[in-house]
There are 2 protein chains.
Amino acid sequence: MPRAGQRPRLVDVAERADVSLATASRALAGRDGVSAEVADRVRQVARELGYVANPYARTLAGGASSTVGLIVHQVDDPYFSEIAGGVIQLAAEQGLLVQICQSGRDPDYELQQLRHLIAQRVGIILISGSGYDDPRVEAAARAELAAFQDHGGRVAAIGRHALGVDAVLPDNEAGGNALAHHLIDLGHRRITVAAGSAGLTTVADRLAGVSSALRQRGLPPADLAVVHGDFTRGGGRTVTEQILNEHPETTAIIALNDAMAMGVLSTLRSRRIPVPGRMSVVGFDDVSVAADLAPSLTTIRLPMTEMGRTALSLALKPRSARPRRRSTGHLLVVRDSTGPVPTA
Amino acid sequence: MPRAGQRPRLVDVAERADVSLATASRALAGRDGVSAEVADRVRQVARELGYVANPYARTLAGGASSTVGLIVHQVDDPYFSEIAGGVIQLAAEQGLLVQICQSGRDPDYELQQLRHLIAQRVGIILISGSGYDDPRVEAAARAELAAFQDHGGRVAAIGRHALGVDAVLPDNEAGGNALAHHLIDLGHRRITVAAGSAGLTTVADRLAGVSSALRQRGLPPADLAVVHGDFTRGGGRTVTEQILNEHPETTAIIALNDAMAMGVLSTLRSRRIPVPGRMSVVGFDDVSVAADLAPSLTTIRLPMTEMGRTALSLALKPRSARPRRRSTGHLLVVRDSTGPVPTA
DNA sequence: AGCGCTTACGTAAGCGCTTACGTACCCGGC
DNA sequence: GCCGGGTACGTAAGCGCTTACGTAAGCGCT
């Protein structure tokens with residue numbers, strides 16, 4: 001008999017279906033060893049009673065945890081919130097709950113969040129964002145995740161390699177390459193990269209693609225300048241000031257993510273520098289506002305929502321012997337922020 | 001003795017500190033009935049062992065759940081992601097984990113998410129976003145939340161009243177009022193509101209503020225037109241087309257949130273209608289990109305991060321007899337998207 | 001008819017915690 | 001000296017589930 005005002009328990013279902021606790025549990029878990037007839041009866045009663053298993057009891061008893069932990073650099077950055085959207089979508093479809101944490105782009109804090117998630121016994125961990133090229137931190141994270149997996153935890157990474165786990169990876173190098181080719185095709189020769197923190201693998205990869213484009217076109221490395229800031233709008237603004245001062249010959253700026261590109265555009269506007277009339281600007285990611293900026297932003301489209309979904313689906317699959325990789329497509333989206341090099 | 005390769009349990013701590021399980025539990029919970037000396041010893045051992053309580057066991061046994069559920073309309077909408085950022089910030093400071101869900105602006109689905117969170121036994125629920133003026137849905141949510149609270153659950157709402165729970169509420173009416181006054185001061189007389197879905201209380205409240213401003217200025221109601229879309233950039237674009245067709249005399253558009261305002265700006269730009277030269281545009285919320293748009297957006301600033309924090313802190317306080325309300329400040333931020341009415 | 005094997009189910013242990021209750025001890029008061 | 005009352009701690013009962021193991025029934029086989 002369900003206690004008044006309380007959620008029904010498995011015993012309540014079992015009693016009412018006139019079976020034992022064990023049978024009820026098996027029936028609801030879809031395990032076999034239960035006749036189809038009894039299983040139906042149990043499921044029927046559960047539905048009538050509105051029974052939902054207590055996840056705490058279930059997990060304690062050794063069942064699989066139904067919560068997935070997601071670590072992002074910052075939730076209110078559209079890149080991450082779109083990824084989170086994809087994760088949450090698929091999680092909802094699967095009846096899973098998503099625990100979300102931010103690292104604030106601090107590797108040590110991220111490690112701490114990771115440990116916290118593990119200590120909280122979430123079943124699945126998704127790590128999103130760029131990796132750090134600090135070997136100490138990445139090795140610690142790697143070790144932590146390996147131990148977690150050995151105890152049955154499931155892990156996937158989004159946009160970062162070197163963690164030794166399943167990962168969905170955009171081809172950052174190819175994207176950077178495509179951007180640079182686009183600008184070179186437009187006649188630009190003095191290109192400056194507005195890069196994020198030098199310690200991020202994403203930055204290094206995108207940058208590598210840009211450099212290789214120059215090489216492929218036989219252009220001297222001196223045609224390329226690189227200025228580091230951080231992957232935010234504020235970072236884009238700061239970096240733009242620096243570019244204008246230190247590399248005044250620049251005719252095109254490659255921002256290594258859209259957030260920075262927004263900062264770049266905003267600063268150029270306040271300096272009354274026409275885009276693309278006097279300066280072309282490109283971004284990377286194609287966050288959804290990119291199309292609505294003025295001018296609309298030429299950028300590399302990454303399927304962020306899809307990336308989130310894919311990462312979760314990887315983590316949901318049984319663990320494979322060696323880490324899987326899923327690469328995502330990318331697409332150069334040409335809009336109004338790029339144009340031919342100005343004729344001096 | 002901690003089992004090899006396993007996380008330490010409370011018994012491990014207890015044994016090593018040479019006390020009983022109960023004492024160890026009390027010591028770590030900071031409950032009294034434990035001598036200071038013993039309590040210190042236990043805490044010390046726990047630290048050495050890296051002990052973290054298993055939240056599933058803790059919750060099952062009747063301890064407080066340490067997870068907060070957050071329901072938003074959509075995570076990749078900057079309004080919600082900034083609120084979520086605030087919630088996550090404070091949660092991290094308190095050692096809590098945040099479970100996040102999206103309702104996709106569908107009242108029925110939102111109700112389902114709410115039930116899911118409750119079924120999953122989260123301890124605290126935060127509901128963010130506009131309420132629905134559908135009495136059926138709101139009443140159902142109210143009932144669900146009341147029952148949840150009666151069983152010890154904690155609830156707070158952000159930006160919605162009528163739920164019968166603690167709430168943090170921006171003064172939507174005053175904000176709408178301030179926007180309208182600003183435009184009227186600039187000489188605008190044919191104002192059209194780009195409103196979100198008619199069924200949202202937020203829309204009704206902001207709209208009420210706008211209407212009252214016209215009344216306060218002795219302007220005829222006919223000076224105001226209202227077109228409904230949805231609270232997204234796409235909604236803003238659609239609505240703008242409609243305004244241009246059906247209300248060509250309009251000189252100023254009040255978008256009832258920033259997302260719509262972005263859609264409005266984008267459509268006006270593609271139609272080559274100068275802002276604010278021929279049309280002034282205002283938004284509401286002041287999401288962080290608002291300042292970086294071209295032209296930068298005049299809007300009402302809401303302290304979204306703070307709202308998230310406040311909501312969680314309300315939920316963390318012991319329940320009060322009657323629902324508390326915290327109102328947030330709001331501020332008219334005048335930027336470049338508004339100007340004097342064009343002289344015909 | 002008797003054996004073993006499978007299938008369908010029940011019994012009960014135990015996951016790691018919290019907490020009601022019990023017990024030993026020490027204090028001061030008469 | 002004894003007793004009532006507080007303090008500090010231990011014992012053990014659960015929280016609601018999963019699952020290893022046990023058992024009874026039914027099957028085909030010799």
Side-chain angles (χ1 to χ4, degrees), chain A residues 1-3 5-43 45-46 49-67 118-121 123 151-152, chain B residues 1-3 5-43 45-46 49-67 118-121 123 151-152:
Chain A
M1 178 61 65
R3 294 128 340 142
Q6 301 271 339
R7 301 197 65 87
R9 297 156 304 166
L10 187 55
V11 258
D12 301 319
V13 175
E15 274 177 16
R16 191 133 170 219
D18 201 34
V19 295
S20 75
L21 244 169
T23 302
S25 173
R26 281 188 284 253
L28 293 176
R31 224 175 299 291
D32 48 32
V34 184
S35 67
E37 171 188 29
V38 170
D40 279 347
R41 180 150 40 96
V42 172
R43 277 192 288 266
V45 170
L49 259 41
Y51 171 77
V52 179
N54 181 324
Y56 296 101
R58 183 207 285 279
T59 308
L60 220 213
S65 156
S66 62
T67 99
I118 293 176
Q120 295 292 313
R121 316 316 203 260
H151 291 339
Chain B
M1 177 63 63
R3 291 118 354 130
Q6 300 271 339
R7 303 197 64 88
R9 297 158 302 167
L10 187 55
V11 259
D12 302 319
V13 175
E15 273 177 16
R16 192 135 169 217
D18 201 35
V19 296
S20 76
L21 245 176
T23 302
S25 173
R26 281 189 284 253
L28 293 177
R31 223 174 298 292
D32 48 31
V34 184
S35 67
E37 171 188 29
V38 170
D40 278 347
R41 181 150 40 94
V42 172
R43 277 192 289 265
V45 170
L49 258 39
Y51 171 77
V52 179
N54 181 324
Y56 296 100
R58 182 206 287 279
T59 309
L60 221 212
S65 157
S66 61
T67 99
I118 293 176
Q120 295 292 313
R121 318 313 205 259
H151 291 337

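By convention in this document, chain letters (A, B, ...) are assigned in the order of the sequence lines, proteins followed by strands, and residues within each chain are numbered from 1. Given the structure is predicted, the values throughout are model-derived calculations rather than measurements.
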Dot-bracket for DNA chain D, please. Rules: Watson-Crick or G-U, both distances under 3.5 Å, ( ) within the strand, [ ] when a pair crosses earlier ones, | for another strand, . otherwise. ||||||||||||||||||||||||||||||
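- Using a 4.5 Å heavy-atom threshold, the side chains of A:R16 and A:P8 count as separate.
- Along DNA chain C, read 5' to 3', the first and last nucleotides having any atom under 4.0 Å from a heavy atom of chain B are C:dG16 to C:dA20.
- Atom CG of B:D32 and atom P of D:dG6 are 14 Å apart (whole Å).
- The stretch residues 50-62 of chain B comes close to DNA chain D through B:L60, B:A61, each having a heavy atom under 4.0 Å from the strand.
- No side-chain heavy atom of A:R26 sits less than 4.5 Å from a side-chain heavy atom of A:V42.
- With sequence neighbours left out, the side chain to side chain donor-acceptor pair (under 3.5 Å) criterion links B:S20 to B:T23.
- With sequence neighbours left out, the side chain to side chain contact (heavy atoms under 4.5 Å, CB included) criterion links B:L21 to B:L10, B:V11.
- Panel note: side chain B:Y56, backbone A:R121; a donor-acceptor pair is recorded below 3.5 Å.
- In the region residues 18-25 of chain B, proximity to DNA chain D at under 4.0 angstrom, judged on heavy atoms, holds for B:V19, B:S20, B:A22, B:T23.
- Counting heavy atoms from C-beta on, the side chains of A:I118 and B:R7 come closer than 4.5 Å.
- Across A:A27 and A:A39, no two heavy atoms sit closer than the pair CB-CA, 4.0 Å.
- Residues A:R41 and A:V19 meet the side-chain proximity criterion, which asks for heavy atoms closer than 4.5 Å.
- Side chain of B:R58 to backbone of B:G63: no donor-acceptor contact under 3.5 angstrom is found.
- Contact record, B:A119 with A:P55: O-CD, 4.0 Å, taken as the closest heavy-atom pair.
- Contact detail for A:S65 and A:G123: the closest heavy-atom pair is OG-N, 3.2 Å.
- Checking side-chain atoms of B:D12 against main-chain N and O of B:R9 turns up a donor-acceptor pair under 3.5 Å.
- In A:D32, the CG atom is not crowded: 12 or fewer heavy atoms of neighbouring residues, nucleotides or ligands sit closer than 6.0 Å.
- Considering only side-chain N and O atoms, B:S35 lies under 4.0 angstrom from the phosphate OP1 or OP2 of D:dC9.
- At a threshold of 4.0 angstrom between heavy atoms, the contacts of B:R26 include nucleobase atoms, whether or not backbone atoms are also involved.
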